[in-house]
Amino acid sequence: MKGQLGAQTGTLIRFNLKRDWKKNLIWIAVMTGLFAVIAAKFDGIYGTQAALNEIVKTLKMPAMVALFGAFTAKAPYTTAKVFATEMVVFMALFMVIMNIMIAVAATRTDEDDGRLELIRAHAVGRLAPLFAVATELTILNGLVGVLFGLGLQVAQLPGATTTGNWLIGLGLGTLGWAFGMLTLLLAQVATSASGTTMLSYVVLGGIILREWERTSATPASLGGFPLAGLKKWTCIRRLAGYRSVCTG
């Protein structure tokens, strides 16, 4: 029964990758290029201790804590500590958006346009299209995560470590993958591509509002970033050698 449900999954994976390779390549180039370029330029932006001290003051303001989470690193501050606080949040949101768009296009959009019906008219398992999309997202997020890690390695931010670079890169890839899987689940509930997209962003917005509410109630907590998967980035930064305090 399990084999029948997933019959021809491999064929559909190859079909999806062949069909979407241009779109996926653009996403990979944009995401990794943006991440690598900003990482490379970060030391120029905050290249002095005075500049780092000023941005740290900003990051400790209540509004910044609500957005990025508590900046608990101790002086002397490094470029890597600031980068891990600022850019991880933005790149995580970009990863979520990327996965929502790709997951919706490969599921509900195909169904709305009648392509999924044509595929199911052949000898394919009922769940094979879903398995194929999940595999495509896994490959895409894994590749982006690895390229993120390589980009940080090349950038050589002052204060960064190899472990930290790979934890951030692969952590972002894992977060994107998780939200992609969530979008696939929501696609089974919604009745159209637009409905799936709206529902995905409603869920994301609900998580954001819940985290902001929690942060306002307990300002001394990690708080900040809206996705539960990144609430522990302070812990990750410590494990990675970025030397923040691991709390919460």
Side-chain angles (χ1 to χ4, degrees), residues 30-98 144-176 207-208 211-212 214-216 218-248:
V30 170
M31 296 292 286
T32 59
L34 178 66
F35 191 74
V37 168
I38 293 177
K41 296 292 184 181
F42 225 72
D43 191 37
I45 299 173
Y46 304 114
T48 66
Q49 196 61 49
L52 287 171
N53 292 339
E54 287 301 316
I55 189 60
V56 167
K57 289 180 182 178
T58 302
L59 291 174
K60 290 184 176 182
M61 295 175 62
M64 294 296 101
V65 171
L67 179 61
F68 296 117
F71 185 86
T72 55
K74 305 299 182 182
Y77 306 115
T78 65
T79 307
K81 294 175 183 177
V82 175
F83 181 87
T85 301
E86 287 186 354
M87 285 310 301
V88 165
V89 173
F90 292 119
M91 294 310 301
L93 288 175
F94 290 149
M95 289 293 289
V96 168
I97 292 171
M98 178 187 77
V144 171
V146 169
L147 291 175
F148 280 170
L150 289 174
L152 288 175
Q153 286 289 92
V154 173
Q156 295 184 335
L157 292 173
T161 66
T162 298
T163 305
N165 292 337
W166 285 109
L167 275 174
I168 288 178
L170 297 179
L172 286 170
T174 301
L175 174 70
I207 296 172
I208 291 174
E211 286 304 305
W212 280 347
R214 190 189 65 82
T215 303
S216 299
T218 56
S221 67
L222 280 179
F225 190 69
L227 299 176
L230 284 187
K231 280 170 61 179
K232 303 301 183 182
W233 271 111
T234 305
C235 300
I236 290 177
R237 288 197 297 268
R238 183 182 181 187
L239 292 172
Y242 286 77
R243 308 313 303 165
S244 291
V245 176
C246 184
T247 59

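The first residue in the sequence is number 1, and the count goes up from there.
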Give, for atom CG of L170 and atom CZ of F148, the distance between the pair rounded to the nearest 0.5 Å.
11.0 Å

Partner set under ring pair (Phe, Tyr, Trp, His ring centres under 6.0 Å) for Y46, not counting sequence neighbours
F42

Quick check: closest heavy atoms across V146 and W166, and the distance to 0.1 Å?
O-CZ3, 3.4 Å

Partner of V82 by side-chain contact (heavy atoms from CB on, under 4.5 Å), out of L157, T58, L59
L59

Qualifying residues under side-chain hydrogen bond (donor to acceptor under 3.5 Å, both in side chains), relative to K41, sequence neighbours excluded:
none

Quick check: closest heavy atoms across P158 and T78, and the distance to 0.1 Å?
O-CB, 3.5 Å

Taking the six-membered ring for Trp, are the ring centroids of F83 and F35 within less than 6.0 Å of each other?
yes

Considering all heavy atoms of both residues, which atom of A84 and which atom of I168 are nearest to each other, and what is their separation?
CB-CD1, 4.1 Å

Step by step, work out the side-chain contact (heavy atoms from CB on, under 4.5 Å) result for K57 and E54.
CA-CA 5 Å; K57 289 180 182 178; E54 287 301 316; 3.6 Å; yes

Looking only at heavy atoms, the pair that brings T161 and Q153 closest together is O-OE1, 4.3 Å

Go through it in stages, so that I can follow the logic: the residues are M91 and L172, the test is side-chain contact (heavy atoms from CB on, under 4.5 Å), and I'd like the CA-CA distance, side-chain angles, deciding distance and then a yes or no.
CA-CA 8 Å; M91 294 310 301; L172 286 170; 4.0 Å; yes

Minimal non-hydrogen separation, I38 against M87, with atom names:
CD1-CE, 3.5 Å

Please report the shortest heavy-atom distance between A155 and A40, naming the atom on each side.
CB-N, 4.0 Å

Are I55 and E86 side-chain neighbours, meaning at least one heavy-atom pair lies under 4.5 Å?
yes

